[in-house]
Amino acid sequence: MSIPSNLKYTKEHEWVEDMGDSTYRIGITEYAQNALGDIVYVELPDKDDEFSKDGTIVTVESVKAVSEVLAPFDCTIVETNESLEDEPELINSSAYEAWIVSVKADDIGELLSDKEYKKLLESE
Amino acid sequence: MFKRTVLYERHIALGGKMVAYAKFELPIQYTRIIEEHNAVRNKCGIFDVSHMGEIIITGEKAFDFIQYIVTNDISGMEIGSARYSPMCYENGGCVDDIIIYKFANDEYMLVVNAANLDKDYEWIKQNRKFDIEAINFSDKLSQIAIQGPMSKEIISKVFKQLPDKYYSFVDFIFEDCKKRVIISRTGYTGEDGYEIYALNEVILKIWDKLMVKGADDIIPCGLGARDTLRLEAGMPLYGHEISQDISPLEAGLNRFVSLDKECDFIGKEALTNQKQKGLRRRKCSIELIDKGIAREGALIFIDDMQIGYVTSGTKSITLGKSIAMAMIKKPYNKIGTLLQVNVRNREINAKVIRGPFYKRDKI
């Protein structure tokens with residue numbers, strides 16, 4: 001299971017990429033997309049929407065179920081990955097390239113490193 | 001904790017993701033639901049449906065008894081024919097929907113939903129108005145469904161005797177293991193296909209033979225695909241489109257309710273009254289116009305007025321659009337009606353369309 005070392009992770013199986021200038025891209029990990037199964041719909045938030053830590057930023061729907069992607073930290077939406085509207089399955093085929101939202105945040109708190117996330121997966 | 005079917009080891013070996021369903025451990029999928037769904041529509045899928053229940057009714061009065069407990073008319077059934085019917089309570093609500101197999105004039109097999117088996121068996125015993133014997137054979141019998149345009153080609157490589165007409169079955173001794181096998185031309189996917197019944201150990205052998213003969217053209221499919229397939233085909237699922245609170249008339253199953261069959265049957269009076277008074281609500285098929293997916297339980301509105309709810313819904317894999325079956329107040333069930341489905345507080349535009357969503361080309 002791939003866990004890129006340039007990304008940070010959360011316990012809820014999201015990855016966070018530092019884009020510089022207090023901007024971060026958020027997606028879900030290989031492990032998460034595999035657990036969800038075929039993703040058929042992604043409900044994206046709007047630009048400038050604000051979220052508190054653990055708020056539901058995105059709802060990802062697989063054939064059988066609905067899953068929530070939670071905000072890893074307080075943030076504001078800068079951009080959403082619109083290609084996911086027509087091709088939600090991109091998350092399944094390339095979980096680390098298919099970023100879901102790009103946000104602005106002042107304090108991202110404590111996130112897991114790739115090694116820490118790997119340890120988490122091993123204990124699941 | 002949960003029962004396992006005789007095919008459990010096969011599911012594990014094939015990478016099945018096991019879940020609990022109707023007291024059994026069964027695979028929800030092996031690879032991807034989308035792949036398995038498409039395999040059934042385009043090639044051939046094989047399902048372990050051993051969780052289904054089988055109750056054998058025997059006795060001189062078997063016919064009379066079954067006529068009494070089901071809404072459909074079973075007169076005119078020949079030996080070797082199967083018939084679908086709802087089974088109702090006095091008030092017209094559904095106990096279950098079942099398939100009746102006629103083995104002989106005094107012997108029938110009722111195939112019932114796994115989740116309702118205990119309830120159905122109790123119901124049968126409680127309502128034994130006629131002198132018959134009812135035996136629950138479910139633990140001894142297993143079942144496989146093989147469905148898809150290539151199902152006939154593949155099953156023919158294992159069995160020489162096959163049912164021809166839809167809803168007919170063959171009942172024979174399988175020379176390979178000298179045991180009885182029943183094969184009906186039935187299914188829950190909307191494709192051509194067969195359902196095979198036999199003793200547990202025999203089904204295991206049959207599964208292995210079909211998998212070998214089917215080679216790359218036969219794909220194991222789980223409960224996930226089973227649900228998306230039946231939904232596209234507009235087939236009801238107990239607990240969703242029918243239930244103890246939904247009558248078969250409301251569920252659009254009127255052609256399986258014989259109000260004019262001569263004998264009395266449980267629910268006849270209530271259903272006759274319901275028909276005479278006129279239904280207040282009716283199952284219908286809807287498709288979403290805006291993006292989103294409508295799922296079971298989602299409320300349906302026209303402006304601010306709630307007019308119904310979704311009984312089953314999904315993103316249709318074959319059709320590429322979001323579809324749902326819903327229970328809607330008359331007259332809003334009319335084809336073409338525009339309505340809104342509330343999904344997580346967002347109003348999604350939808351419309352009532354003619355069902356079923358998917359119908360295969362006639363062979």
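Below, each value reflects all heavy atoms present in this structure, side chains not excepted, and no hydrogens, waters or symmetry copies.
Proximity to chain B involves both the backbone and the side chain of Asn34(A), based on heavy atoms less than 4.5 angstrom apart. Looking at Glu61(A), both its backbone and its side chain come within 4.5 Å of chain B, counting heavy atoms on both sides. Ser62(A) touches chain B through its backbone: at least one of N, CA, C or O sits under 4.5 Å from a heavy atom, while the side chain does not.
At a threshold of 4.5 Å between non-hydrogen side-chain atoms, the residues Gln29(B) and Val63(A) do not count as touching.
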Under the criterion side-chain contact (heavy atoms from CB on, under 4.5 Å), I'd like the reasoning laid out for Ile34(B) against Val40(A): C-alpha separation, chi angles, the key distance, then a yes or no. CA-CA 10 Å; Ile34(B) 288 181; Val40(A) 290; 4.3 Å; yes
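More than 12 heavy atoms of other residues, nucleotides or ligands lie within 6.0 Å of CD in Glu122(A), so this atom counts as buried by the packing criterion. The number of heavy-atom neighbours closer than 6.0 Å to CG of Asp106(A), taken from other residues, nucleotides and ligands shown, is 12 or below. For OH of Tyr21(B), the number of neighbouring non-hydrogen atoms (other residues, nucleotides, ligands) closer than 6.0 Å is 12 at most.
By the ring pair (Phe, Tyr, Trp, His ring centres under 6.0 Å) test, Tyr31(A) pairs with His13(A), sequence neighbours left out.
Note: Lys291(B) leads Lys17(B), Lys291(B), Lys315(B) in heavy-atom pairs under 4.5 Å with chain A.
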